[in-house]
Amino acid sequence: MLISDVSEIKKIKAVINKGSGMRNLVLAASLALALVGCASTPVLNYSPKEIEGSELEQYWVLKQSQFSTGSRYKRLPKQGAVVEVRYLIDSTGKTHEAQVVKAEPDDDWNRTALKVVDIMEYDNAPGNESLTPVYVITTFTFKI
């Protein structure tokens, strides 16, 4: 979450406007610092390494294998898709910088693939005690 999120700025303003005095100013400043701390900044022990998908298990192991993202689609796309997403796994196992590099058909499932990457978390694999961050491309297949 970034401090620039409109809803979070409104919350800070609401705290400030509820009253006056130093207590509210300190509370608002603390809230702003907490929100900045929540911003998704990758933790990198080393420079990220570009790897192939087949090498991923040497560095990171996915914590869960099923995901639920909820849907904002008014109607689901009429066909399945294959979406390739490139992303960074940082030294804490969190994902960042997700971007669609290929989709067939284009755009139908891109948003869902990016949501899935956003909630994915990894544990370091045995042998990756240094917590090496990596860039990897993962292929998602959506079927209807």
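Computed from heavy atoms alone, side chains included, the values below leave out hydrogens, waters and symmetry copies.
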Next on the checklist: For residues Phe140 and Trp109: do they belong to one hydrophobic cluster (side chain heavy atoms under 4.5 Å, members Ile, Leu, Val, Met, Phe, Trp, Tyr)?
Outcome noted: yes
Checklist entry - Are Tyr122 and Leu131 linked, directly or through other ILVMFWY residues, by side chains that come within less than 4.5 angstrom of each other? => result yes
Next on the checklist: Can you confirm whether Lys94 sits close enough to Pro42 that some side-chain heavy atom of one is under 4.5 Å from a side-chain heavy atom of the other?
Outcome noted: no
Item to check | Presence of salt bridge, Arg86 and Glu50, under 4.0 angstrom | outcome: yes
Next on the checklist: Counting only heavy atoms not in Gln58 (residues, nucleotides, ligands), do more than 12 fall under 6.0 Å from its CD?
Outcome noted: yes
Checklist entry - Any side-chain heavy atom of Val85 within less than 4.5 Å of one from Thr138? => result no
Item to check | Pro105: partners by side-chain contact (heavy atoms from CB on, under 4.5 Å), with sequence neighbours left out | outcome: Gln79, Ala81, Asp108
Checklist entry - For the atom pair CG (Asn45) and CD (Glu129), what is the distance rounded to the nearest 0.5 Å? => result 12.5 Å
Item to check | Connected via hydrophobic side-chain network under 4.5 Å: Tyr87 and Val100 | outcome: yes
Checklist entry - Tyr59 and Leu44: same hydrophobic cluster, using ILVMFWY side-chain contacts below 4.5 Å? => result no
Checklist entry - Hey, is CD on Glu57 packed in by over 12 heavy atoms from elsewhere, all under 6.0 Å? => result no
Checklist entry - Once you round to the nearest 0.5 Å, how far does CE of Met120 lie from CG of Leu62? => result 5.0 Å
Next on the checklist: Once rounded to the nearest 0.5 Å, what's the spacing between atom CD of Glu104 and atom NZ of Lys102?
Outcome noted: 7.0 Å
Next on the checklist: Is it the case that atom OH in Tyr135 sees more than 12 heavy atoms from other parts of the structure closer than 6.0 Å?
Outcome noted: yes
Checklist outcome for this item: Rounded to the nearest 0.5 Å, the NE2 atom of His96 sits from the CG atom of Leu88 at a distance of 6.0 Å
Item to check | Same apolar cluster (I L V M F W Y, side chains within < 4.5 Å links), Leu114/Ile137 | outcome: no
Item to check | Partner residues of Thr132 under the side chain to side chain donor-acceptor pair (under 3.5 Å) criterion, sequence neighbours left out | outcome: Asn128, Ser130
Checklist entry - Is the NZ atom of Lys63 crowded by more than 12 outside heavy atoms at less than 6.0 Å? => result yes
Checklist entry - Looking at Thr95, Val136, Asp123, Val134, which hits side-chain contact (heavy atoms from CB on, under 4.5 Å) with Trp60? => result Val134
